[in-house]
Amino acid sequence: MPDRGDFDRGGVTAAGTVRVRFAPSPTGYFHVGGARTALHNWLFARRAGGQFILRIEDTDRERSHPDWTEGILSALEWLGINWDEGPYLQSERRGLYEDAARRLYESGHAYACDCTRAAVDERTRANKTPGYDGCCRERGLTPGPGRVLRFRVPDEGVTLVRDIVRGNVEFANSTIEDFVLVKSNGDPLFVLAVVVDDMAMEITHVIRAEEHLPTTPKAVMVWQALGGAPLPVFAHLPVLVNERRQKLSKRRDRVAVEDYRDQGYLPEAMRNYLALLGWGPPDQREFLTVEEMIGEFRLEDVNVSPAFFDEKRLAHFNGVYIRALGVEDFVGRVRRFLADTTVPWPADSYDEGQVVRLAPLIQERVATLGEVVGYLEFLFDEPFVVDPPSFDKVVRRDGGAKGILEEAGELFGKDPWTAEALRISLTTIAGHAERKLSKAQAPVRVATMGSSVGLPLFESLEVLGRERTLSRIDGALAELLAPQATDR
RNA sequence: GGCCCCAUCGUCUAGUGGCCUAGGACACCACCCUCUCAAGGUGGAGACACGGGUUCGAAUCCCGUUGGGGCUGCCA
């Protein structure tokens, strides 16, 4: 456990307001780690009655794209994370950074450097000292095309980072190289733009992932060199890792919020799970409403060690949330999964009224909305198909199956069409066949629902209807009598 | 390599010197419930990385080791 330090946690604007920002870079799908960071910022702001600002860090023109910004915005909305200001685009604030760069140069805090990448690398190898060697420090070059602007890092002393999550972290200035503020093409770099914007936007708390901790002393130095505004308080959240305990990566891991949404994760389940990555309420409750999260979120309670993004646990949360849904709500949310173009059945066979009737039974069986499709195929698939291995095992190779199906066809033809009447009939049939109801329902289930696992049989048949049920039983019987050689 | 962060069941965590024969949850196993599968219920297995200190007493404090991670870019 780190020493959280004894510094004041003020970090407020002149007006006494807390102001935080979420500053993603639009270089790909919206990462669950980013979502967690956004959530924690948002919860902190809401609890403090402050402002949550959205800023898009698109200073890297090569990698940023407006489409990704759109994705981030819609994913945040999906999660219920609203912003009070922004989105500000750094690409539209270039003048501010150029102005700050000029001031830094004029005050002597920064200098121009025309060393090429290759030259720096070569000297680094030769000197065996990592990073830039300060070669151009005293050359008095004027800034311009082809020259980067570097920050003049003091050779001695330490830079202190005040961090609510980790306590005070000290960096020896001698271990920090003269870093680049402005590219040789004139584009500002992250460390400059972030500081300029955080100052301009009067950010009081910088809450972001731990991977930013090593660059924080640089930001602090720039901030102080620019002068004026008080430093913000930092809070570095633990990184999210995969099962191999490596930082979640877009290439290796399933990290896109959009993917989870498309699979049928509920935004409130995702939000609840994400909030608990690195944080928890004092009483260890796991299921919290947004209001409860806002009421209890404290940066002081955020953990320091990396958090594993556990899809199984997420699925558990999602299942709990799905089961808690009212039928109407559930059906409304699952609609887009049942009526879109990827569905296995013809569009006109979908009947929402039937879904409503089976909804409670489905809700307690699925962990994601996407799974609902599989439970309804027996109802909507056209033509209806039986899973061959199941048919083979439970119907063909079961000597009693034929008799059970024949009697079911007979009795089901007379019953009032209710789940209860069907159950009573099959219980009678089971008695005649001298087997348990569970063994008697198996061939009927496969014949009518196509699979040996699925929704409860009788309720399903009630919705399927007498006509289709009987014709499927007949179909199974016919299949049973057909020459086996043809299906082998 | 250098700098920085971290270290309780497989996982998320509770624990801030005695309440800890270390608690909860996910996953796992068994049993119960049961028309299949789930859901639910009950029970089980399962952790303080290691070594030194400090202290009457350490999972909790200090040091070291080991291990893991992050950063080390004219990305963010």
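The sequence lines fix the lettering, A, B, ..., with proteins before strands; numbering per chain opens at 1. In what follows, every heavy atom counts, from backbone to side chain, and hydrogens, waters and symmetry copies are set aside.
For a distance-only test at 3.5 Å, the side chain of A/E459 qualifies as a donor-acceptor partner of the base of B/rC35. A donor N or O paired with an acceptor N or O is found under 3.5 Å between the base of B/rG23 and the side-chain atoms of A/Q284. The base of B/rC71 has none of its N or O atoms less than 3.5 Å from a complementary donor or acceptor on the side chain of A/T215. Counting atom types as modelled, A/R63 pairs a side-chain N or O with a base atom of B/rC75 as donor and acceptor under 3.5 Å. Contact annotation: side chain of A/R365 to base of B/rC37, donor-acceptor pair present below 3.5 Å.
Note: CG (A/L248) to P (B/rG69) measures 14 Å, nearest angstrom. Nucleotide B/rC12 holds its P atom 15 Å from the CD atom of A/E311, rounded to whole Å. A/L237 places its CG atom 16 Å from the P atom of B/rC5, with the value rounded to the nearest Å. Between the CG atom of A/L277 and the P atom of B/rC12 there is a distance of 9 Å, given to the nearest Å. Atom-to-atom, CD of A/E286 to P of B/rG23 comes out at 16 Å; the value is rounded to the nearest Å.
Salt bridge present: A/D187 and A/R94 bring a charged side-chain N and a carboxylate O closer than 4.0 Å.
Put simply, A/K183 has no side-chain N or O that comes within less than 4.0 Å of OP1 or OP2 on B/rG73. Contact between the side-chain N/O atoms of A/T59 and the OP1/OP2 oxygens of B/rA76 is found at a separation under 4.0 Å. Here A/R323 reaches the OP1 or OP2 of B/rG40: one of its side-chain N or O atoms lies under 4.0 Å away. Residue A/R313 places no side-chain N or O under 4.0 Å from the OP1 or OP2 atom of B/rC28. Residue A/N303 places none of its side-chain N or O atoms closer than 4.0 Å to OP1 or OP2 of B/rC6.
Note on ring orientation: taking the six-membered ring where Trp is involved, the planes of A/H40 and A/F297 are tilted (angle from 30° to 60°).
Within 6.0 Å of the OH atom in A/Y29, the count of heavy atoms belonging to other residues, nucleotides or ligands does not exceed 12.
When heavy atoms are screened at a 4.0 angstrom cut-off, A/L437 is found touching the sugar-phosphate backbone but no base atom. Heavy atoms of A/P306 sit under 4.0 angstrom from primed sugar atoms or phosphate atoms, though from no base atom.
For the atom pair A/I56 CD1 and A/Y88 OH, the distance stands at 12.5 Å (nearest 0.5 Å).
Within the 3.5 Å criterion, the main-chain N or O of A/D178 finds a donor-acceptor partner in the side chain of A/R150.
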